[in-house]
Amino acid sequence: MVLVRLGRLAQLHSRNPDPKDCTMDSQTRDTPAAIPVADAAAPDSVVRRIEVATARFRQGRTRSLEWRRDQLDRLAEFVSKEEHRIQDAVRQDLGRPEFETYLAELWPLLLEIRDARKHLKSWAAPRRVPTPLELQPGSGVVQPEPLGVALIIGPWNLPVNLVLAPLVAAIAAGNCAVLKPSELSPTVSALLAERLPRYLDPECFPVVQGGVAETTVLLKQRFDHIFYTGGAPVGRLVMAAAALHLTPTTLELGGKSPVIVDDSAKLQLAAKRIVWGSFMNAGQLCVAPDYILVSEHKRDALVAELKSAIEEYFGPDPQASPYFGRIINERHFDRLSKLIAEDKVAHGGDTDRSDKYIAPTLLTGVTEDDAVMQEEVFGPVLPIITVRDTDDAIRFVNSREKPLALYVFAEDRQVQDRVIAQTTAGGVTINHTVLHIAHGGMPFGGVGASGMGAYHGKWGFDTFSHLKPVLKKATWIDPPITSAPYSGWKRRALGLFT
Ligand code: NAD
């Protein structure tokens, strides 16, 4: 099955669209974009590019399914042909191993493209809904239609995927989109601005580079949807700016994602899977396990297994390991270093500012009052808190903001069910970490403080669509039941349908 999927992926990966299929004859991969990359410091140019995208949308350029498929193919082509440049850029920004970039950014992106291409016709088709007796004779459909021009604002931690995966959904749903990658991953941002327009329609999908000033300019403009991924403080600014234009907004935020390790868990397996999710991309993953809740009598055994999993994956010196990444910048390095209370280090704890290296670190004896529990860690530091039992862990989780992800390790099915029923989170993986976000058939998004709205697969298509109800009434009969003169029999007749 896996081989079949990989085979299909390879086909998509290597697909070279027939130039005759392209609607943009003048645009080829190796000629410069029709519209130059915006100078983000010049608001006029940004505004102009939004106007152009709006005009193209209104002219209907993005409407046909063939055009959408072609753009999706071009995006897949961008990923495959530019992979070495992408890998270089990510390595410069994040010092991340190539395999992780493929696993966490490019592979899921290609799967998203494949699914969108495969299901586009059915996702975009009118969705028939049964029409109740009281509205007969008539028939109803829900017709997905594109929203218009979307703004996609991405973060630095998965700087390729978190701009381009929402773009897949925006393209599939027939929108234009302005892309604003993070200035904190400047090499990837520059790469997207320079290379992407050689593949995609540059008028419909302009890339605007920049930081706070440029994003503030963007947010003053009117969009038809804003899709923001990043931290909650900026999420509030985005939502406030969106409110001025009543723009629908998706907020993909973060938060402290707990891991509950029940006494019934297979500790060795749990430890390996927690270490995998916690230290990929040096812990800079929105759904990385943020802290562990475990009972006192299982804690030491779990810590021992976590240590040996860290050694197995990264060797005795993770700084020398080719499989362990670096912190994005000095500011985050300093922030994370302050979260490591020396007297609580059970493993790791080494730091090297000149290399932006922080070792995979386990903290024990942690309480709610410690600095590491006051904010999302977003780095390779994993606090372990002891609780009385899993019910105590549930109380702990419920006393805090709703997390983006929750993980429970338990062999006991009743415990699994109890945790799911009694807690809330953006998403849950049982007996593993992170993987629920890789399931294209499931929505990915937060709840409460961890975000609003969702995407991936059809959920993303729907996020970037207006689901327009269309009721078609017959004209061969016109029952007078709802129109004046209102009378007792009409009231009684309506009551028959309730
Ligand atoms: P960031 O600093 O890169 O900011 C995100 C975007 O907001 C950037 O494009 C940036 O230019 C813009 N921005 C920053 N300050 C702004 C301002 N004052 N006004 C307007 N725009 C501004 O990323 P970050 O916020 O450090 O990202 C880390 C957070 O994102 C973590 O909390 C993490 O959990 C969360 N995250 C969530 C997801 C998800 O899918 N739910 C994915 C990745 C990261």
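Quick caveat, the model's predicted, so the values are computed rather than measured. Scope of the values below: all heavy atoms of this structure, side chains included, with no hydrogens, waters or symmetry mates. First listed ligand is number 1; within each ligand, the first listed atom is number 1.
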Requested in this report: Using a strict cut-off of less than 4.0 Å between a Lys/Arg side-chain nitrogen and an Asp/Glu carboxylate oxygen, indicate whether D334 and R353 qualify as a salt bridge.
Outcome: yes

Query raised in the report: Under 6.0 Å between ring centres, would you say that holds for F227 and F464?
Result: yes

Requested in this report: Using the six-membered ring wherever Trp is involved, compare the ring planes of H432 and W276 and label them parallel, tilted or perpendicular (cut-offs 30° and 60°).
Outcome: perpendicular

Query - Donor-acceptor contact present, side-chain E105 to main-chain N161, <3.5 Å - result: yes

Report summary line: Contacts of D93 meeting side chain to side chain donor-acceptor pair (under 3.5 Å) (sequence neighbours excluded), chain-then-number -> T187

Query - Check: H332 N/O within less than 3.5 Å of ligand 1 N/O - result: no

Query raised in the report: When you measure from atom 25 (O) of ligand 1 to every protein heavy atom, which one gives the shortest distance, and what is it?
Result: G231 N, 2.8 Å

Report task. Please identify which atoms of ligand 1 are closer than 4.0 Å to at least one heavy atom of K180. Result -> 8 (C), 9 (O), 10 (C), 11 (O)

Query raised in the report: Does an N or O from T216, backbone or side chain, lie closer than 3.5 Å to an N or O of ligand 1?
Result: no

Query raised in the report: Backbone or side chain, does any N or O of N157 fall under 3.5 Å from an N or O of ligand 1?
Result: no

Query raised in the report: How are the rings of F279 and F314 set to each other: parallel, tilted or perpendicular (split at 30° and 60°)?
Result: perpendicular

Report summary line: Here the salt bridge (charged side-chain N to carboxylate O under 4.0 Å, His left out) pairs for residues 416-425, sequence neighbours left out, are D391-R418

Query raised in the report: For T229 and ligand 1, does the shortest N/O to N/O distance drop below 3.5 Å?
Result: no

Report summary line: Honestly, for L285 the part within reach of ligand 1 (heavy atoms, under 4.0 Å) is neither

Query raised in the report: Would you say G255 and ligand 1 have an N/O pair spaced under 3.5 Å apart?
Result: no

Requested in this report: Mind checking whether L184 contacts ligand 1 via backbone (N, CA, C, O), side chain (CB onward), both or neither, at a 4.0 Å heavy-atom cut-off?
Outcome: side chain

Query raised in the report: Quick one: does G154 get a heavy atom under 4.0 Å from ligand 1?
Result: yes

